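Right, one structure below, let's go through it.
None of the values given here were measured: they were computed from a predicted structure. Ligands are counted one by one from 1 in listed order, and the atoms in each one are counted from 1 as well. For this chain, numbers begin at 1 and follow the sequence in order.
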Amino acid sequence: MSPHETLDEPRRDLGVALIGHGFMGAAHSQAWRTAPAFFDLPLAPRMTAIVGRDAEATRAAAARWGWQRAESDWRRVVESDDVQLVDICSPGSTHVEIAVAALEAGKHVLCEKPLANTVAEAELMAEAAERAAERGVLAMVGFSYRRVPAITFARDLVARGAIGELRQVRALYLQDWLVDPEGPMTWRLDKSVAGSGSLGDIGAHLVDAVQFVTGRTLTDVSGLLRTFTTERPLLGEVRGLGGTASSERGQVTVDDTALFTAEIAGGALATFEATRVATGRKNALRLEFSGTGGAIAFDLERMNELEVYDAGAPVDQLGFRRVLVTEPEHPYTGSWWPTGHGLGYEHAFSHQARDLVTAIAAGEQPTPSFAEGLQVQRVLDAVERSAADGSRWLATAP
Ligand code: SOE
């Protein structure tokens, strides 16, 4: 029996409904199953319903992950009395309608990143969240990498002054699943559905992670977007999810690569690389924070470690130390395995579920809030406007 349960006061249920059953639907389903087993949660998440347009695939996902029922219309779960939290893992074009309806129906909301496809949509979501919060209905946007223990620990170190005055940040998120020009069209390559390409899909993670670790916002940006492959085969059956390539070809309307620089509040500078054509890089997220007193580097491919450089160390001992972020004293790690056993990509989603449920039980605003998600959307929008303007590019030839 959890410490939160007493004989006359069983833990309150929190009925969860998940919208979508793709990659993020799986990551969130795993978290709703696992978090209650490893964290003593103040509310008991109940996997009530999973929603998807394809009835057979949704039923299969419900059976696989342990959702009590499969639904085909998100409106049914938003109106259902046995649902108190709506978890949105569907494409960005669906976020604003579902989140606003759920909040107005009194449901807490977790919405995958980026918050929306446009600043205007993100503003509507943030306003709805502000109104709902007055009624004790809470919303969070799912920037899960904040909850990788080593990234949370990096934030703690920066806040403690471990690198002194921040001077420069390097943020890279490198994937290569679009290198092959014959790779098929998917919803992620359609601006009307995904909102943008690498910029919003993986660049948004970088923006949030840099702002989270430094505790500062990006104030100005200059960007460059490029689409190398402008059309791709449309699959005969389901777009992007298997089937035989048809002769039809679809227009790619989002960026393959987004490069941008930024001013950080307080005067530091940052460079960002978000790409899905970095041949050989599969999901290579790397962050490096450099300051007057030292530096911190993180690599998702070695996600249980943090490289820490102390500029104040004796000169014959200067160098990056490899800190193994698996001690019980580190963020989240004490609830899993003994030191040295390590965590994976999926654990950040369990940490996200834990923090959200804890905030809901306490009636406190979970972070990142929709307001924070809106601020990231403004950064993405500024990069897009800067790239469209292109006036800062100067030819090198005479
Ligand atoms: C893109 O391929 C992607 O799936 C992102 O959408 C996720 O947010 C990231 O965690 C992994 O890569």
- Item | Evaluation steps, side-chain contact (heavy atoms from CB on, under 4.5 Å), between K113 and S144 | CA-CA 9 Å; K113 46 48 66 184; S144 55; over 6 Å; no
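The heavy atom nearest to atom 3 (C) of ligand 1, considering only Q175, M24, H205, K113, is found in Q175. The residue among F23, Y345, W177 with a heavy atom at the shortest distance from atom 10 (O) of ligand 1 is Y345.
Contact annotation for Y173 and ligand 1: only side-chain heavy atoms (C-beta onward) come within less than 4.0 Å of the ligand.
Within the 4.5 Å cutoff, the side chain of V16 has heavy atoms near those of the W67 side chain.
Of all protein heavy atoms, the one closest to atom 1 (C) of ligand 1 is D201 OD2, 2.9 Å.
Separation of the H347 and Y332 ring centroids does not fall under the 6.0 Å cut-off.
One finds the CD atom of E384 at 5.5 Å from the OG atom of S196 (value rounded to the nearest 0.5 Å). A distance of 7.5 Å separates CG of D13 from CD of Q84, quoted to the nearest 0.5 Å.
Looking at E112 next to ligand 1, no N or O pair under 3.5 Å apart turns up.
Residue Y145 approaches ligand 1 through these ligand atoms, each under 4.0 Å from one of its heavy atoms: 9 (C), 10 (O), 11 (C).
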